[in-house]
Each structure stands twice: as C-alpha cells, then as structure tokens.
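Since the structure comes first, as structure tokens, the remarks are kept for the end.
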Amino acid sequence: MKRLLTLTLLAGSFVLTAIAAEPTVANRQTASNYYAYPYPELPLPKLTATPKGYEPFHMEHYGRHGSRWHIGTWVYHSPIDLLRPAERNGKLTEQGKELMAQLREIEINSRGRDGELTPLGARQHRGIAQRMTRNFPEIFSGKSRVDARSTDVVRCILSMDNEMQELKAFNPNIEITTDGSKRDVRYLNYNDTAAENRYNEARKRLNAEENALLEANKIDYAAFAGQLIDDPQFIADSIDSRGLFDAIFRITANAQSHDDQKARYDLFTDKDLHSKWVLDNANWFLRYGNTKMTDGAGPMRQRYLMRNWIESADTAIMRREPGANMRFGHEVVVLPMAVLMELDDYGREINDPTAIESQWHNYDLLPMASNIQMIFYRPTGKADYRAEDVLVKVLFNEREMRLPVKAVSGPYYRWSDIRSHYLDRIGADGGIFPPEQPY
C-alpha cells in the first residue's frame, strides 16, 4: 500500500504527516471477519465448463449470514465512553468533536438492532442465489427439492430466507423446506470445548512468538488518540489509547456492512490498518487453522458438519432427483470447514506464527456471506449411474477450488475419491454424535 507523505517544517524540525487512508478494497480487507462480501463489486470468478457428457444435479452448501450490525451494545457505547472524559474537560479537537457526533448518531441507529442483518446483508444472499440459478439451472429447475437449515439466530434465518425467495422466483414449482432450530446447531455451529482449550493452551505457549509479532507491528496508540484529543498529557493520564483505537476501528471496519455509515479510515494510516490485520489474522489462524501449535484441533471442530455433509450427499445421490441441501450459520464454521476440506492451500500446516501473514489471509475465508458450494455432476441421460460415476467441484466464495485428491479434469473430482479422503480425515468415529438417551 503506497502512502503519500507530506513534510512540513515546524519549529525548526521536520514533522511527518500521513495522508489519510482511503476505504480501498485492501483497507477494507483489514476488517477480517467484518469484510463485506466482495461480489459483485469485484469481477466475478469465471467458471470452468461442465465436463462433456455430465450435468449438475445436486448441491451441498454452507453459508455465513450476510452483513450485520455489531453484536453487543457495548461496541457502540465503548468509543463514546472512552472519549467522554476528554469531552467533559474540553480536550477534544475539531475532528474529535465531529467523530463524537457521528458515533452518537450511529449508536442511536443501532438500538434494537443487536447483531441483526443489514439491507446489504440481504442483498448479498439474493445475489448469491441468483448466481447459483444462473450457474447451475439444472439443480434448481423442474421438480427440484431444497432442504434449508439455519442456526436459530435471526440474521442466519433471514439470510436463508432471502436465498430461498430468489430460488422460488427462479422456479415457482421448486419444493423448499426450511428450519431454524436449536436441534441442528450441534452440527451447524458445534461448540468444541476441547478444541477451544487447546487454543487457549497454545496461546500461553506462544508468548515469545506473539511478542515478536507485536514488536514488528507496533501501533502508536497515543498518536492515534492525538488526532482526537489536543492534550498529550491528558491522553497519557486519562485515556486508554489502545482501547480507543480498537473501539473506533470496530466501528470503521463494519461501516462497509451499511449503506449509510461513513467509514472513518481518515483516522488510520495504512500501516496501522495492516498491523491490526496481521495480529487479527494470526489469532484467527491459531484458533481455526491447521497447525501443530494446537495439535490440529482447529479444523476438526467441523467434523460433525463434514459427517452431515457426506451423509446428506449420499442420500441425494441415491434419490437421484435434482436439488440442494443448504445450511446457514457463521464464519466460525465456514473458516475451519474450508481448512478441514483442504480447499486450495487453506489447509496447509503452518507452525511459525511469523509466517502466517504471507501464507494465509483470513479475509479470503470469512467475509460476510462467505459460502462453500459443492456441486455434484452425473452422466447425462444415464438413469442407472453409480456413486462412482458422480463428479464434484467446490466453489468457495464462488471461486473454483483445488481438492486434496487427484482430479479427473480441471476442478472436477470423483465423489468416491473425495468422500473416502474426508472420511479418513475425520476418522472412523469422527463426526458421529453419541446416541441420545431417552428421557
């Protein structure tokens, strides 16, 4: 990221002033899990033609909810509370006063919207569904059947609803069943306590490496606060500068999920945005990526989802009717599922925290409305095809992925090969819930 720098002669010394950062794609990507779905703003990926003699007939899917309001009213209160001491004491700069007014307006608009889907989030899912029907009309035509499941969170249910409405608009005769139940959360958003414990243990072991990351990506929090508060001593004595930076960054990062919020990138340098992302990226990888630092526990969190995926696909292949099994949930599922599926290089093992920045980018895996689509293809006009005849390809955020088995051609793989690989990956008992006890 290039920066324009202005040198100003002041009181016999040179002062380095950074031109304000802009809301470029690169800067918005530093928002990590707040990065808004990039399509159709960016050019849509081109897809490889269907293999000759085959037709798509089924889809297995998992999608994150679309753009949302922040979760927790504290997110909107925090920057206001942190700036209030300076306001009471007449220490705010003109920029600080302007920001304070903006933060109060955003806080008022956020009331009653805790974690809810924004209009942009709804449009993201409608667009995804429109492209599904355009790319794979055979799956959603005629007597197609779609079974859609969501976690019991409203933004996920509404994301599902928006996609289903588009599928129904494409084919009024499509048979759709939907559910948003706590019953399905056990595989749609499994809470793996053992994996979380391994992550916490790894964090304790990583003090030296984490300090190296922090040292290489230092942020001058006092300088940031100095744009808003005109008294350096007051900042040192009375302001949590790092807390203020983080609080305003959270609001700025998620402004891209709204149609009417001004993103205050002018308060951040590109270097500070990048440094913030490097640390967030490392934390996301350590929690969900493939690393010996957590004994590989991160991606295995989704073994129950993978088992459900495989069993649902097997049933669809036996049924032979066109359709889809669609699931809606959260980024904390999409990301480790992509790692567990070893899509492209996302499943690579990284054991050096300082190498994560160059090899693994969280914004590719978990933007708002991120999704995995596995498309199943059968021989055209052959009623007695076998499971061994079925091919698959995977789209991750609508881009074709390499899979961890030998390809038949391009991005196409035999379902029997990938099924066997994934079952080996999770183990013989992987993803099998203990039997429920009767009351």
Side-chain angles (χ1 to χ4, degrees), residues 3 17-36 41 66-123 155 219-232 234-235 238-277 280 367-368:
R3 306 284 295 144
T17 305
I19 300 298
E22 298 293 332
T24 61
V25 170
N27 284 339
R28 291 202 303 276
Q29 287 173 336
T30 64
S32 297
N33 60 317
Y34 297 122
Y35 180 42
E41 178 191 6
S67 283
R68 58 164 170 79
W69 289 84
H70 274 296
I71 300 171
T73 57
W74 68 271
V75 178
Y76 296 102
H77 295 160
S78 179
I80 297 171
D81 292 341
L82 289 166
L83 284 172
R84 227 178 230 135
E87 182 183 49
R88 282 197 304 265
N89 288 276
K91 301 292 186 180
L92 289 182
T93 64
E94 288 304 312
Q95 195 170 30
K97 294 174 184 176
E98 176 192 346
L99 177 64
M100 196 64 148
Q102 182 185 0
L103 290 171
R104 284 192 167 114
E105 181 181 357
I106 291 172
E107 188 278 325
I108 290 171
N109 291 336
S110 74
R111 294 176 188 175
R113 291 288 187 186
D114 191 3
E116 290 186 356
L117 196 71
T118 65
L120 175 60
R123 295 198 303 272
R155 62 182 173 275
I219 295 173
D220 190 340
Y221 299 111
F224 173 83
Q227 301 172 91
L228 308 172
I229 302 167
D230 61 15
D231 186 337
F234 187 85
I235 293 172
S238 305
I239 299 298
D240 175 4
S241 297
R242 178 169 184 172
L244 183 63
F245 178 98
D246 289 343
I248 295 173
F249 176 82
R250 279 189 289 268
I251 300 296
T252 298
N254 201 45
Q256 60 190 289
S257 284
H258 299 267
D259 297 321
D260 56 358
Q261 277 190 24
K262 178 184 177 183
R264 295 307 302 266
Y265 286 99
D266 57 303
L267 298 173
F268 300 88
T269 67
D270 285 338
K271 177 183 179 300
D272 285 350
L273 290 173
H274 182 72
S275 294
K276 172 69 173 166
W277 170 78
D280 288 346
M368 300 288 185

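Positions are given from 1, in the same order as the sequence printed here.
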Please confirm whether the backbone N or O of Val75 pairs with a side-chain atom of Ser78, one donor and one acceptor, at under 3.5 Å?
-> no
Taking the side chain from Arg28 and the backbone from Ala36, do they hold a donor-acceptor pair closer than 3.5 Å?
-> no
Can you measure from CZ (Phe249) to CZ (Arg242) and round to the nearest 0.5 angstrom?
-> 12.5 Å
In short, Ser257 meets Thr118 closest at the heavy-atom pair O-OG1, 2.8 Å
Between Tyr265 and Leu273, is a side chain to side chain contact (heavy atoms under 4.5 Å, CB included) present by the stated rule, with each step listed?
-> CA-CA 9 Å; Tyr265 286 99; Leu273 290 173; 3.8 Å; yes
Spatial distance of atom CG (Asp270) from atom OG (Ser275) [nearest 0.5 Å] = 10.5 Å
Is there side-chain contact between Leu120 and Met368, with at least one heavy-atom pair below 4.5 Å?
-> no
Taken to the nearest 0.5 Å, the spacing of Phe224 CZ from Phe268 CZ works out to 4.0 Å
What's the shortest heavy-atom distance between Ala225 and Leu244, and which atoms?
-> CB-CD2, 4.1 Å
Are Arg84 and Glu87 close enough for a salt bridge, meaning some N to O gap below 4.0 Å?
-> no
Between atom CZ of Phe234 and atom CD1 of Ile229, what is the distance when rounded to the nearest 0.5 Å?
-> 7.0 Å
Interatomic distance, CD@Gln102 vs CD1@Ile106, rounded to 0.5 Å, equals 4.5 Å
Yes or no on side chain to side chain contact (heavy atoms under 4.5 Å, CB included) for Gln95 and Asp266, after CA distance, side-chain angles and deciding distance?
-> CA-CA 10 Å; Gln95 195 170 30; Asp266 57 303; 3.3 Å; yes
Measure the acute angle between the ring planes of Trp277 and His274, then classify it against the limits of 30° and 60° as parallel, tilted or perpendicular.
-> tilted
Which pair of non-hydrogen atoms, one from Lys276 and one from Ile219, has the smallest distance, and what is that distance?
-> N-CD1, 4.0 Å
If you look only at pairs with a residue in residues 68-109, which of them pass as a ring pair (Phe, Tyr, Trp, His ring centres under 6.0 Å), with sequence neighbours excluded?
-> Tyr34-His70, Trp69-His258, His70-Tyr76
Looking only at non-hydrogen atoms, find the nearest pair between Asp280 and Ser32 and report the distance.
-> CB-OG, 3.6 Å
Taking side chain as C-beta onward, heavy atoms only, is Glu107 less than 4.5 Å from Leu103?
-> no
Taking the side chain as every heavy atom from C-beta outward, state whether Leu99 and Leu83 have any pair of such atoms under 4.5 Å apart.
-> yes
Nearest-0.5 Å distance that lies between atom NZ in Lys91 and atom CG in Asp231 | 4.0 Å
Give the minimum heavy-atom separation between Pro85 and Leu82, together with the two atoms involved.
-> CD-O, 3.5 Å
Worked verdict on Lys97 versus Glu94 for salt bridge (Lys or Arg N to Asp or Glu O under 4.0 Å) = CA-CA 5 Å; Lys97 294 174 184 176; Glu94 288 304 312; 3.3 Å; yes
Looking only at non-hydrogen atoms, find the nearest pair between Asn254 and Arg68 and report the distance.
-> ND2-O, 2.9 Å
Of Ile251, Thr252, Asp246, the one forming a side-chain contact (heavy atoms from CB on, under 4.5 Å) with Ile248 is Thr252
For the pair Glu98 and Arg264, find out whether any cationic side-chain nitrogen is under 4.0 Å from an anionic carboxylate oxygen.
-> yes
side-chain contact (heavy atoms from CB on, under 4.5 Å) against Asp114, all qualifying residues, sequence neighbours excluded | Ile71
Sidechain-backbone polar pair: Thr93 side chain, Asp230 backbone, donor-acceptor under 3.5 Å = no
